[in-house]
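Data first, discussion second: the structure below is written as structure tokens.
All values below were derived from every heavy atom in this structure, side-chain atoms included, with hydrogens, water molecules and symmetry-related copies excluded.
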Amino acid sequence: EPQAAAEGGQPHAGRGRGAATLHGCTRLDRYRARARARAGALLQLVELSQSQLADQRQGSPTRPHVGQPRSGEAGHAAHDSGRRAQLGSPFGSRSADHGVLPLSADVPGPVSGDSSGNARALAQAIDALRHGWPIRVDDGPVLLPAETAADPEARGSRMLISAARAQTLKLANQRDAAVPHAPVLIEGGEPFTLDLARAVSDPALDLANPMKGPFRALGLPDAEWPRTALEIARRAGVLPAFLLDPAHDRDEPVIVATADLAAFSAPDALRIAARTRLPTAAAEHAEIAIFRSPADLREHAALIIGRQSADKVPVVRLHSECLTGDVFGSLKCDCGPQLDNALAACAREAENGGYGVILYLRQEGRGIGLVNKLRAYQLQEQGHDTVEANQRLGLPDEARDFPIAGRMLRLLGILRIRLLTNNPAKLTALQQQDIEIIERVPLDTGTNPHNARYLATKRDRSGHLLR
């Protein structure tokens, strides 16, 4: 069942109002029949003699859990002396002449995350918010996402929103709003309906819903659950706004802990899932490697152009996913030209006997997600710059996970690089992951009338090294 749920993209498939318990009900036989029909062609019968069966039982004691090693097997002594593959870990290493570490190797590096947390619980919470189901963080109240809530009758007397959004609603002073994505608790003169909660949550709806309130801000408890809840919303790509203890909602909340967030964020669980040749328009001699972690559904990629060699220092580009720029050629940003220039730079390295690597990180919109990025575009059309637009949404202007890139490089066996970037934050993040940066290589893509303000904001407000 967990594997089937994962293949369906839902870490906890079957939960919610439509779920039903199968124990002791007639639906169980229907599910069994369906499973038999699907698997029937794969079933084989093997006939064993009594002596063979006894030998099998004697040599292969029952294993109570899949993935646990057998004990007391004399016939497997040689195997027991070596490394045993665990459930879910890839095995079969790359050839040494590539300078690539074995796929199943535990790569040394900086220790991160919280060993007491449960990354899969955080994945379930993210999935719940995307589906409109409630969550409960630590010992806090039940939290129903205002944007995606599935029950149209849901309502609540209080809401959790960001400080930036509270300031827009005149509910927070400048000191309280100094951290735009910090949490603020509010209540209204009457319960928040779902429509009102969404109008409160989304600044893009302000022009259509100018009259809201009256509201007042309440004191928050000295606890971690409010900040953790807003961060989970960001990772789910939904607006950071919740109804507290909603009435009428009949779904059981997904339980998650603040420690689970640290476990989910730790890059240590990332592994290489596949690697193969990939001739490209930029260079025919190229390979692609795909990276996965058990809890995070995002799959990051590395494109290696040229022959990887331990005695060469590659040029490396960290490129965050941008659907609008990379695929559709948007002129509002410089992402597409940056990717094209990086591919060309790596191809030149390969032609000169070196190699280059592009790490393609699945962190759309600087980590806020595609939908929220487009909401920020709407606010930019109203006159706000990139930073202001993110903040008015109650989101960080920079939320990308650069340490994950350090883990990817380590898995590829690359510890020294020449970094192709204008962003000092990338230098700092990789150095903290013990990646030695020999040189920063500037990236110049020019400007156009549509992205001139965007680039000026990157330079003046985000510290990018642009002329």
Please answer whether the main-chain N or O of [Y] pairs with a side-chain N or O of [X] as donor and acceptor at a distance below 3.5 Å.
| X | Y | value |
| --- | --- | --- |
| Asp138 | Gly140 | no |
| Asp245 | Val142 | yes |
| Asn352 | Gly354 | no |
| Arg234 | Pro240 | no |
| Asn341 | Asp444 | yes |
| Asn390 | Pro396 | yes |
| Gln308 | Leu412 | yes |
| Arg155 | Pro152 | no |

Please determine whether side-chain contact (heavy atoms from CB on, under 4.5 Å) holds for the pair Leu420 and Ile358, giving the CA-CA distance in whole Å, both sets of side-chain angles, and the decisive distance to 0.1 Å. CA-CA 9 Å; Leu420 188 61; Ile358 294 176; over 6 Å; no

For Arg317 and Gln338, test the side chains for any donor-to-acceptor distance below 3.5 angstrom and give the result as yes or no.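 Yes, because at least one side-chain N or O of Arg317 sits under 3.5 Å from a partner of the opposite role on Gln338.
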
Distance-only side-chain donor-acceptor flag, Ser265 / Arg235, under 3.5 Å: yes

So do the side chains of Tyr454 and Lys332 get within less than 4.5 Å of each other, counting heavy atoms only?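 Counting from C-beta outward, Tyr454 and Lys332 never come under 4.5 Å.
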
Answer yes or no: is there a side-chain heavy-atom contact under 4.5 Å between Leu239 and Arg198? no

After noting the C-alpha distance and the side-chain angles of Glu187 and Arg158, does the key distance pass the salt bridge (charged side-chain N to carboxylate O under 4.0 Å, His left out) rule? CA-CA 4 Å; Glu187 70 174 0; Arg158 297 174 296 163; over 6 Å; no

Pick from Ile414, Ile404, Leu318: which one makes a side chain to side chain contact (heavy atoms under 4.5 Å, CB included) with Leu359? Leu318

Where do Val254 and Asp127 land on the side-chain contact (heavy atoms from CB on, under 4.5 Å) test, with the steps shown first? CA-CA 10 Å; Val254 171; Asp127 185 64; over 6 Å; no

Under 4.0 Å between a Lys/Arg side-chain N and an Asp/Glu carboxylate O for [X] and [Y]?
| X | Y | answer |
| --- | --- | --- |
| Glu349 | Arg418 | yes |
| Glu321 | Lys373 | no |
| Lys458 | Asp334 | yes |

Count the heavy atoms of every other residue, nucleotide or ligand shown that sit under 6.0 Å from CZ of Arg298, and state whether that count exceeds 12. yes

Minimum-distance pair of heavy atoms, taken over all atoms of [X] and [Y]:
| X | Y | answer |
| --- | --- | --- |
| Leu379 | Ala389 | CD1-O, 3.5 Å |
| Arg416 | Val313 | NH1-CG2, 3.3 Å |
| Gln433 | Pro403 | NE2-CB, 3.6 Å |

